[in-house]
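Okay, so here's the structure we're looking at.
Numbering of ligands and ligand atoms starts at 1, following listing order. Below, all heavy atoms of this structure are taken into account, side chains as well, without hydrogens, waters or symmetry copies. Just so it is clear, the structure is predicted and the values come from calculations on it, not from any experiment. All residue numbers refer to positions in the sequence shown, counting from 1.
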Amino acid sequence: MQIVSPSLLAANFANLEKDIEMINNSNADWLHLDVMDGVFVPNISFGFPVLQAVAKICRKPLDVHLMIVKPEKFVKEVAALGAMMMNVHYEACLHLNRVIHEIHEAGMKAGVTLNPSTPVCLLEDVIRDVDMVLLMTVNPGFGGQKFIEHSLDKVEQLRQMIVRTGSKALIEVDGGVNKTTAVQLAQAGTDVLVAGSYVFGAENPYERIDYLKNL
Ligand code: DX5
Ligand code: ZN
């Protein structure tokens, strides 16, 4: 069984209410929300006014993925949404240990995210403190990109580190998750699958969510 966190980035932004109702009525576990600033990644998605509107009507726990510089500036704002998980990028935090503690103090679970080019071994000194590691399986910034195969090795390496250190961290993957890659990822040892276009691009998104859940 996998935890499934559909990414709203691939939803219809002209009618978010309809897509959030679909998520509410589905077997999805969480809703994944991608915030981009045009600096950390070469794209801009949505910010707090949209997140607040989404949080009001979404009945699933919010899994917030900040692709922004200095994410520590927004811990309070993310907590005020009632978010369950705040994911910050390893590459965006100079003082990651402090940020993780601030996220916990604000009452949220803390996730640390790695870009495809950032090695898993760099997590050695934070792995016991985080609730989740989000491995990017594409370069962040856009939906609908091709899965990077080397990610499967990273999932295995991370699983080994978690077992060795006794960490309770979940392994989440994000980018290029589809019918085929989801099977490979689950076999490699993931706990949480994020899927944007695979879910929202489907004629029957409920079926696709169930498929991912049952891997
Ligand atoms: C990309 C985002 C993803 C994105 C995934 O930077 O972090 O969450 O929505 O999109 P798909 O599943 O279409 O690759
Ligand atoms: Zn994401």
Determine, considering heavy atoms only, which of Asp174, Asn43, Leu8, Val35 sits nearest to atom 7 (O) of ligand 1. Asp174

For Ser151, does its backbone N or O pair with a side-chain atom of Thr137 as donor and acceptor, under 3.5 Å? no

Decide whether [X] and [Y] meet the rule of one side-chain donor and one side-chain acceptor closer than 3.5 Å.
X	Y	value
Asp174	Ser7	no
Asp210	Asn27	yes
Ser5	Asp63	yes

Give a yes or no on this: more than 12 heavy atoms of other residues, nucleotides or ligands lie within 6.0 Å of atom NZ of Lys60. yes

Crowded around Glu149 CD? As in, over 12 foreign heavy atoms under 6.0 Å? yes

How far apart are the closest heavy atoms of Asp191 and Gln2, and which atoms are they? C-OE1, 3.5 Å

For [atom], closest protein heavy-atom neighbour:
atom	value
atom 12 (O) of ligand 1	Gly196 N, 2.8 Å
atom 13 (O) of ligand 1	Ser197 OG, 2.5 Å
atom 14 (O) of ligand 1	Gly176 N, 2.8 Å
atom 6 (O) of ligand 1	Gly141 N, 2.7 Å
atom 1 (C) of ligand 1	Phe142 O, 3.5 Å
atom 2 (C) of ligand 1	Asp34 OD1, 3.4 Å
atom 10 (O) of ligand 1	Gly143 CA, 3.5 Å
atom 9 (O) of ligand 1	Ser7 OG, 2.7 Å

Quick one: look at Ala195 and ligand 1, take heavy-atom pairs under 4.0 Å, and tell me if it's side chain, backbone, both or neither. backbone

Geometry at the Zn ion (ligand 2) - His65 ND1 versus Asp34 OD1 angle, rounded to 10 degrees: 90°

Could you tell me whether ligand 1 has any atom less than 4.0 Å away from a heavy atom of [X]?
X	value
Val138	no
Gly144	yes
Tyr198	no

For N/O/S atoms only: which one belongs to Asp174 and is nearest the Zn ion (ligand 2)? OD2

Do Met22 and Val199 touch side chain to side chain, with heavy atoms closer than 4.5 Å? yes

Please examine the side chains of Glu102 and Glu72, heavy atoms only from C-beta on, and report whether any two atoms are closer than 4.5 Å. yes

